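For reference, the structure discussed in these notes is given below.
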Amino acid sequence: MAPKRSRTATAVEEITRSTATRKAKKARTNYSKPEAPKVVTNTSDTPILNGSASKPNQSTSKSVKNSQAEISTKPAYTCWLVKSEPDSRFENGVEMKFSFDDLKSSPNQTECWDGVRNYQARNFLRDQMKLGHNVFFYHSNCKEPGIIGICKIVKEGYPDHTQFDPKDPHYDSSSQENKPKWFMVDVQLVRPLKRFISLAELKKIHQEHVQRDGPLKKMSLFTRARLSVQPVTEEEWSYILQLENNM
DNA sequence: GCCAACGTTGGC
DNA sequence: GCCAACGTTGGC
């Protein structure tokens, strides 16, 4: 129920919040058009997750009331991948761009991951991304898409302030302050990868793994390609990290 | 710039 | 609740 913690902000968080405001990180995560409360299955706290996001109605029909039961049946992810667009692009007159380098130059190399407007991604942000979890930083919608670095969660899900700002491209007029619809986490840079691991490379591996059942077989990057915040299994995580060493 | 994939909307 | 039309993502 209660949206994640709204703990008293630490100094770090304060800095993060104030400076991050105008930054529009993350890959454009879907429909910029707000609206559409009702049917949307989970404006509520029902975590619809893993899998069948394409069928929101499924969860409606089975009317998940016991979210704990749900949670216990799904894998608890500890690793994630978030997409961000490193190249400049304009959305409603506002420049959207956020690269790994931008994170590097942020105060404390920390930023809030705002602007995500997709329910499945929202649920991950709000419910499942926990302090200390590892996150791949992925560059999307650019010349060479791929994983460029690693960051980690330093603040768990809390309301995304951009939903309340009419001037923000991700403003959502249907969201109320006392019942926020969209959430974000804070991430902090850990390190760049020793080498850039391109989507092309991952895709090739993925195809092989589909054929002969390897660790990247079911990676969300391919099975749920358009999600901008996605879970990564520990097996996938370590497999990809190990690729760093193949120069 | 194209377009496949897929999420959302809205009529029925 | 179904499903066609529409809109967006994002790789190519």
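The chains referred to below are lettered A, B, ... by the order of the sequence lines, with proteins before strands, and numbering in each begins at 1. Fair warning: this is a prediction, and the values are worked out from it, not measured in the lab.
A side-chain N or O of A/Thr162 and one of A/Arg117 form a donor-acceptor pair less than 3.5 Å apart. In this model, a donor atom of one side chain and an acceptor atom of the other lie less than 3.5 Å apart for A/Ser99 and A/Asp102. In this structure, a donor-acceptor pair under 3.5 Å is absent between the side chains of A/Glu85 and A/Ser140.
A parallel orientation is assigned to the rings of A/His133 and A/Trp80, their planes being inclined by less than 30° (bins at 30° and 60°).
A salt bridge between A/Lys181 and A/Asp172 is present, with a side-chain N of the basic residue lying under 4.0 Å from a carboxylate O of the acidic one.
Dashed line: the shortest gap from a side-chain N or O of A/Tyr138 to OP1 or OP2 of C/dG11 is under 4.0 Å. Residue A/Lys203 places at least one side-chain N or O closer than 4.0 Å to OP1 or OP2 of C/dC12.
With sequence neighbours excluded, no residue forms a side-chain hydrogen bond (donor to acceptor under 3.5 Å, both in side chains) with A/His206.
Residues from residues 204-216 of chain A that place a heavy atom under 4.0 Å from any atom of DNA chain C: there are none.
At least one side-chain heavy atom of A/Asp168 sits under 4.5 Å from a side-chain heavy atom of A/His170.
Listed here is the closest heavy atom pair of A/Glu144 and A/Phe196: O-CZ, 3.1 Å.
Note: CZ (A/Arg89) to P (C/dG10) measures 9 Å, nearest angstrom. Taking atom NZ of A/Lys83 as the reference point, atom C1' of C/dT8 lies 12 Å away to the nearest angstrom. As a whole-Å value, the separation of A/Asn118 CG from C/dG7 P is 19 Å. Atom CD of A/Glu85 and atom C1' of C/dT9 are 9 Å apart (whole Å). Here C/dT9 presents its C1' atom at 14 Å from CD of A/Gln120, a figure rounded to the nearest Å. Rounded to an integer number of Å, the gap from A/Phe222 CZ to C/dG11 C1' is 11 Å. Atoms CZ (A/Arg224) and C1' (C/dT9) sit 16 Å apart, rounded to a whole Å. Between A/Glu91 atom CD and C/dG10 atom C1' there is a gap of 14 Å when expressed in whole angstrom units.
Among residues at least two apart or in separate chains, salt bridge (charged side-chain N to carboxylate O under 4.0 Å, His left out) pairs with a member in residues 198-212 of chain A are A/Arg195-A/Glu201.
Although no hydrogens or angles enter the test, the distance criterion places a donor-acceptor pair under 3.5 Å between the side chain of A/Glu244 and the main chain of A/Lys194.
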Taking only N/O atoms, report every protein-nucleotides 2-5 of chain B pair under 3.5 Å with atom names and distance.
from, atom 1, to, atom 2, distance (Å)
B/dA5, N3, A/Arg226, NH1, 2.9

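When the local axes at the two ends of the helix from B/dG1-C/dC12 to B/dC12-C/dG1 are compared, using 5 base pairs at each end, they differ in direction by 10° after rounding to 10°.
Using a 4.5 Å cut-off between side-chain heavy atoms of Ile, Leu, Val, Met, Phe, Trp and Tyr, A/Leu202 falls into a hydrophobic cluster with A/Leu81, A/Phe136, A/Tyr138, A/Ile147, A/Ile150, A/Val190, A/Leu193, A/Ile197, A/Leu199, A/Ile205, A/Leu216, A/Met219, A/Leu221, A/Phe222, A/Val232, A/Trp237, A/Tyr239, A/Ile240, A/Leu241, A/Leu243.
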